[in-house]
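Hydrogens, waters and symmetry mates are skipped; everything else that's a heavy atom, side chains included, is used. Residues take their numbers from the sequence shown, with the count starting at 1.
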Amino acid sequence: MSRHQDSKGKGKGKTSGRGNANSKTKSYARGNAPSKKKKQPAKQTSNPDEMRLNKYIANSGVCSRREADENIAIGLVSVNGKIITEMGYKVKRSDEVKFDGQRITPEPNVYVLLNKPKGFATTTAEGKGRTVMDLVANATNASIKPIGRLGRNSLGLLLFTNDDKVVQKFTNSKKGVERLFQVELDKNLKFEDLKKIQEGFKVEGKLITVEEISYIQGESKNQVGIKIKNTGNTILRTIFDELNYDLVKIDCVAIGHLTKKDIPRGHWKHLTEQEVSTLKML
């Protein structure tokens, strides 16, 4: 074999790492090396029922979020009776939040007046069958509640709101808000019993009083108008049970200045600004 041939053969047998498909060692040009995937932080799922405390306060209209943080830091805010100073603290809409001792809500105040039909319980609890909350379900997204009670088979006006000041006005034992009922009895109300109710009388040692009572003009004597400030209507049954009358029908026809005008049975309406202003002045 000639030197030339030997040299050429050696050249053919010589391999290069670059470009050899069978090479076990891989080589990458700069910038072409595969990048390592960075682990993405797990996404935190937010609870739609929760809200940062400073936003809750700001939404209530008390102050801005920055000012809310300052007020939280100095201990002016409590949640469910506990002072909160933690920044970023989250609350639920069902929590009781107080700012400087006064309860606040992140929702605008809403006032809904319902003309309740028979067969609906006045409760916000579930599992009670048909309730008044079913009737006002489409009225607002705010967390409104009924003020006072009407029995399942009682009729008439029922006010719903998320305004704690108005609720306190109704439940104030000294002031309260007058409600006018039209009641139907199983028999005519004797005049002496009417006078007894007017003057007030004791039942089991407790004095029972009403604001007003009278026969309804143009109706039989078993139709009576009676005005009370109690938030429920149990007092009506107490009065007439004691005097041996059966209540056939109870209908709340007015709450303060509010009447059933233009509200068909089973329907509701939002109070006007004027009606709300008058309600707050009662």
Side-chain angles (χ1 to χ4, degrees), residues 38-114 122-128 131-134 136-149 158-177 231-232 255-256 268 270-282:
K38 295 182 179 180
K39 290 183 178 181
Q40 297 294 327
K43 290 185 178 180
Q44 295 182 348
T45 57
S46 59
N47 186 341
D49 190 43
E50 290 184 338
M51 182 186 301
R52 283 182 176 269
L53 182 55
N54 61 355
K55 183 179 179 181
Y56 186 106
I57 297 169
N59 286 0
S60 74
V62 173
C63 60
S64 68
R65 291 179 72 165
R66 178 175 293 182
E67 291 171 329
D69 282 334
E70 295 172 356
N71 288 307
I72 291 169
I74 62 176
L76 280 182
V77 182
S78 69
V79 178
N80 298 327
K82 180 182 177 182
I83 299 294
I84 301 297
T85 57
E86 174 189 341
M87 295 297 109
Y89 187 88
K90 290 188 176 182
V91 293
K92 296 180 180 179
R93 292 185 181 276
S94 58
D95 289 335
E96 181 186 68
V97 179
K98 288 187 177 182
F99 182 91
D100 199 18
Q102 295 295 316
R103 184 170 183 176
I104 58 174
T105 172
E107 304 167 329
N109 288 333
V110 177
Y111 311 86
V112 175
L113 188 63
L114 169 71
T122 305
T123 179
T124 57
E126 296 180 356
K128 299 292 184 180
T131 75
V132 292
M133 300 309 297
D134 297 324
V136 297
N138 296 324
T140 177
N141 290 325
S143 300
I144 57 174
K145 295 181 180 180
I147 300 179
R149 297 178 65 85
L158 193 61
L159 181 63
F160 297 73
T161 187
N162 57 349
D163 187 338
D164 283 340
K165 290 184 178 179
V166 169
V167 174
Q168 290 171 9
K169 182 184 292 288
F170 271 77
T171 55
N172 187 308
S173 59
K174 293 183 178 179
K175 293 185 178 180
V177 174
T231 53
I255 299 176
W268 51 265
H270 288 281
L271 297 191
T272 65
E273 289 186 11
Q274 182 59 52
E275 287 172 330
V276 173
S277 295
T278 305
L279 184 67
K280 290 181 177 180
M281 290 188 293
L282 292 177

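Side chain of Arg149 to backbone of Gly232: no donor-acceptor contact under 3.5 angstrom is found. Remark: side-chain polar atoms of His270 are paired, donor with acceptor, to backbone N or O of Ala139 under 3.5 angstrom. At distances below 3.5 Å, at least one donor-acceptor pair connects side-chain atoms of Lys169 with backbone N or O atoms of Lys280.
Applying the side-chain hydrogen bond (donor to acceptor under 3.5 Å, both in side chains) criterion to Asp69, with sequence neighbours excluded, gives Asn54. Every side chain to side chain contact (heavy atoms under 4.5 Å, CB included) that Gln274 has, sequence neighbours left out, goes to Thr272, Thr278. With sequence neighbours excluded, the residues forming a side-chain hydrogen bond (donor to acceptor under 3.5 Å, both in side chains) with Asn80 are Asp95, listed by chain and number. Here Glu275 pairs with Lys269 under the salt bridge (Lys or Arg N to Asp or Glu O under 4.0 Å) rule; sequence neighbours left out. Under the side chain to side chain contact (heavy atoms under 4.5 Å, CB included) criterion, Ala58 pairs with Arg65, not counting sequence neighbours. Annotation: side chain to side chain contact (heavy atoms under 4.5 Å, CB included) contacts of Glu107 (sequence neighbours excluded): Arg93, Thr105, Ala142, Ser143, Asn162. With sequence neighbours excluded, the residues that form a side chain to side chain contact (heavy atoms under 4.5 Å, CB included) with Lys98 are Ser78, Glu96, Arg103.
Proximity of Ile83 to Val77: side-chain heavy atoms (C-beta onward) are nowhere separated by under 4.5 Å. Side-chain atoms of Val79 and Tyr89, non-hydrogen and from C-beta on, do get closer than 4.5 Å to each other.
Screening Leu76, Asn71, Ile104, Val91 against Ile57 for a side-chain contact (heavy atoms from CB on, under 4.5 Å) leaves a single residue, Ile104.
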Check: Where do Val166 and Leu279 land on the side chain to side chain contact (heavy atoms under 4.5 Å, CB included) test, with the steps shown first?
Finding: CA-CA 8 Å; Val166 169; Leu279 184 67; 3.9 Å; yes
